[in-house]
Amino acid sequence: MLHFREITRIAAVGVLLVAMGCAAQSAPTGVVDPQIIDPQIMDPQIAAALQQISAQRIQANIEKLVSFGTRSTISAQDPASIAAGHGIGAAREWIKSEFERYAKDCGGCLEVKTDSFTEEPTERIPKATQITNVYAVLKGTDAVNAKRIVLVTGHYDSRNSDTLDVSGDAPGANDDGSGTAVSLECARVLSKMKFPATIIFLTVAGEEQGLNGSHHFAQMAKEQGWDLEAVLNDDIVGGDKSAEQDHSVVRVFSEGVPAAATEQDLRRIRGLGGESDSGSRQLARYIAEVGRAYDAGVKPMLVFRLDRYFRGGDHYSFNQEGFAAVRFTEFREDFHHQHQNVRTENGIEYGDSLRFVDYDYVARVARLNAATLASLASAPAPPGNVHILTKDLENDSTLTWEASPGGLASEYEVLWRATSSPEWEHSQKVTGATRVTLKLSKDNVIFGVRSVDRAGHRSLPVVPVPEH
Ligand SMILES: [Zn+2]
């Protein structure tokens with residue numbers, strides 16, 4: 001079977017040849033030589049941190065989460081159940097104590113917080129229920145850049161065959177003990193480092209009842225005007241040990257047309273072919289670059305759709321509020337092991353049990369997440385107000401932007417790719433200016449502009465808006 005990466009590689013080579021052909025043809029008119037994109041750098045400090053991510057720690061954390069019996073959002077959270085270590089309340093308190101332990105280990109560098117609210121009855125919530133998201137904030141070290149936030153999340157609630165069952169076992173080892181463990185392990189390891197921008201390590205509840213926790217959190221981020229650049233949602237990253245699993249790959253789902261697009265945005269997307277250039281899609285491409293720069297042990301396979309068929313996840317809550325957010329999920333899910341009571345029927349084992357989880361795989365996915373978070377939190381802010389001039393009909397392309405706020409950028413890169421290409425293919429450095437004219441027709445390619453610092457950390461790219 002040909003893997004996605006190999007397919008993209010072949011496609012990229014094909015496009016490059018086409019581009020070179022075009023360049024050769026029109027060379028007399030001064031078309032710039034297509035430049036292969038400068039790769040995302042490998043920062044040795046980040047690479048060293050990735051080595052600290054431990055499959056044993058992840059295993060211990062998933063085992064602890066499973067030990068609470070059920071983590072159904074509507075299960076017990078009274079003091080007696082918490083003391084007995086049973087139900088979602090006990091899970092919540094343990095996650096909080098774990099974040100607090102990491103905070104103590106880094107001299108109070110993490111601020112541990114909860115976002116608690118009462119959800120009124122809905123189809124899957126029979127009576128008013130308190131839902132609590134637990135999170136830790138690693139504040140950026142640079143006063144201006146600390147306002148920029150990147151976030152990793154997993155949902156700590158679980159379910160079995162019946163979403164309304166509050167007492168039966170619902171181990172949720174993979175869905176989503178694995179994603180919760182990724183968020184925790186990223187917090188433990190990255191809290192030992194310093195970044196100019198802020199990283200939030202989040203665990204939410206209510207996912208299985210209707211994305212309630214993430215919905216509340218994303219709304220709070222929107223209402224409070226957070227500069228939330230990227231959200232990584234890990235949900236079912238346990239690498240279920242089924243025969244056809246591919247443990248070298250993790251899927252990264254991203255929306256194409258943004259859920260929060262206005263009518264004006266949609267008109268522009270339709271007119272200019274912007275269906276594959278949402279903020280979430282740029283984040284997915286960024287993860288692909290990070291996956292090539294660092295040896296996480298697992299490669300991201302970009303899936304250009306919001307989610308699996310008729311399935312949903314917490315990244316969508318963030319997309320709805322206009323934030324770039326993607327979903328990580330193992331290559332092949334075993335549906336006998338999701339949303340099922342633990343049992344054996346006709347020789348088939350059902351249930352989301354510990355023995356199906358591959359802890360080494362979860363650790364590799366955690367490394368890819370940590371590398372992405374650390375790269376983004378080290379990078380300058382993206383350039384502001386990126387425009388492409390369209391007043392005159394011309395075959396050159398002029399792009400303008402505002403300097404990256406926060407003072408970290410030392411130069412910029414204009415990226416471009418064929419409209420039919422999945423990933424950025426070429427780049428042109430721009431130093432000491434916030435405007436460039438390229439001998440390339442905007443009608444034939446898609447452009448983006450990103451900020452670069454002295455060490456080579458790159459921001460997310462921004463696709464230009466036409467300026468008349
Ligand atoms: Zn899930």
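Within the model, atoms OH of Tyr316 and NE2 of His215 stand 11.0 Å from one another, a figure rounded to the nearest 0.5 Å. Between the CD1 atom of Ile287 and the CG atom of Asn369 there is a distance of 7.5 Å, given to the nearest 0.5 Å. Put simply, NE2 on His315 and OG on Ser214 are 10.0 Å apart, with the number rounded to the nearest 0.5 Å.
For the residue pair Ala324 and Glu229, the shortest heavy atom distance occurs at CB-O, 3.6 Å.
The neighbour count for Glu100 CD, taken as heavy atoms of other residues, nucleotides or ligands under 6.0 Å away, is above 12. Crowding of His216 atom NE2: a count of heavy atoms from other residues, nucleotides or ligands under 6.0 Å exceeding 12. Atom NZ of Lys104 is surrounded by 12 or fewer heavy atoms from other residues, nucleotides or ligands within 6.0 Å. The number of heavy atoms from other shown groups lying within 6.0 Å of CD (Gln264) does not exceed 12. For CG of Asp295, the number of neighbouring non-hydrogen atoms (other residues, nucleotides, ligands) closer than 6.0 Å is 12 at most.
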| request: Go through the steps to decide whether Trp94 and Tyr156 satisfy the test ring pair (Phe, Tyr, Trp, His ring centres under 6.0 Å), and finish with yes or no. | output: CA-CA 11 Å; Trp94 173 75; Tyr156 71 91; 9.8 Å; no
| message | Run Thr73 and Ile131 through side-chain contact (heavy atoms from CB on, under 4.5 Å) and show every step you take. | response | CA-CA 7 Å; Thr73 298; Ile131 295 180; 3.8 Å; yes
| query | Can you check side-chain contact (heavy atoms from CB on, under 4.5 Å) on Thr114 and Arg92, steps first, answer last? | reply | CA-CA 9 Å; Thr114 54; Arg92 174 191 76 209; 5.6 Å; no
| said: Determine whether Phe217 and Tyr135 satisfy the following criterion, ring pair (Phe, Tyr, Trp, His ring centres under 6.0 Å), listing intermediate values before the conclusion. | reply: CA-CA 10 Å; Phe217 196 91; Tyr135 62 109; 5.0 Å; yes
| task | Start with the C-alpha distance between Arg364 and Glu185, add both sets of side-chain angles, then the distance that settles salt bridge (charged side-chain N to carboxylate O under 4.0 Å, His left out), and finish with yes or no. | result | CA-CA 11 Å; Arg364 294 196 285 271; Glu185 188 63 357; over 6 Å; no
| Are Arg355 and Glu349 close enough, and set up right, to give a salt bridge (charged side-chain N to carboxylate O under 4.0 Å, His left out), and what steps lead you there? | CA-CA 11 Å; Arg355 65 178 174 286; Glu349 289 182 288; 2.5 Å; yes
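Here the options are His337, Gln338, Arg343, the test is side-chain contact (heavy atoms from CB on, under 4.5 Å), and the partner is Gln340; only Arg343 passes. When Gln282, Arg281, Arg327 are each tested for a side chain to side chain donor-acceptor pair (under 3.5 Å) with Ser254, only one passes: Arg281.
A salt bridge is defined here as a Lys NZ or Arg NE, NH1 or NH2 lying under 4.0 Å from an Asp or Glu carboxylate O, and Arg311 with Glu333 meets this definition. Ion pair Glu423/Arg292 flagged as a salt bridge, since at least one NZ, NE, NH1 or NH2 atom sits closer than 4.0 Å to an Asp/Glu carboxylate oxygen. Between Arg308 and Asp235 there is no salt bridge, since no side-chain N of the basic residue sits under 4.0 Å from a carboxylate O of the acidic one. A salt bridge is defined here as a Lys NZ or Arg NE, NH1 or NH2 lying under 4.0 Å from an Asp or Glu carboxylate O, and Asp277 with Arg285 meets this definition.
Side-chain contact between Leu415 and Glu413: present, with at least one pair of heavy atoms (C-beta onward) separated by less than 4.5 Å. Residues Val250 and Thr329 are not in side-chain contact: their nearest non-hydrogen atoms beyond the backbone lie 4.5 Å or more apart. Residues Asn319 and Leu306 meet the side-chain proximity criterion, which asks for heavy atoms closer than 4.5 Å. For the pair Ile269/Pro258, a side-chain contact is recorded, criterion being any heavy-atom separation below 4.5 Å from C-beta on.
Remark: the backbone N or O of Ala381 is paired with a side-chain donor or acceptor of Ser451 at under 3.5 angstrom. Listed for the Asp352 side chain is no donor-acceptor partner under 3.5 Å among the backbone atoms of Pro171. A donor-acceptor pair is defined here as one N or O able to donate and one able to accept, closer than 3.5 Å; such a pair exists between the side chain of Arg148 and the backbone of Ala379.
A donor-acceptor pair shorter than 3.5 Å cannot be found between the side chains of Asp314 and Ser317.
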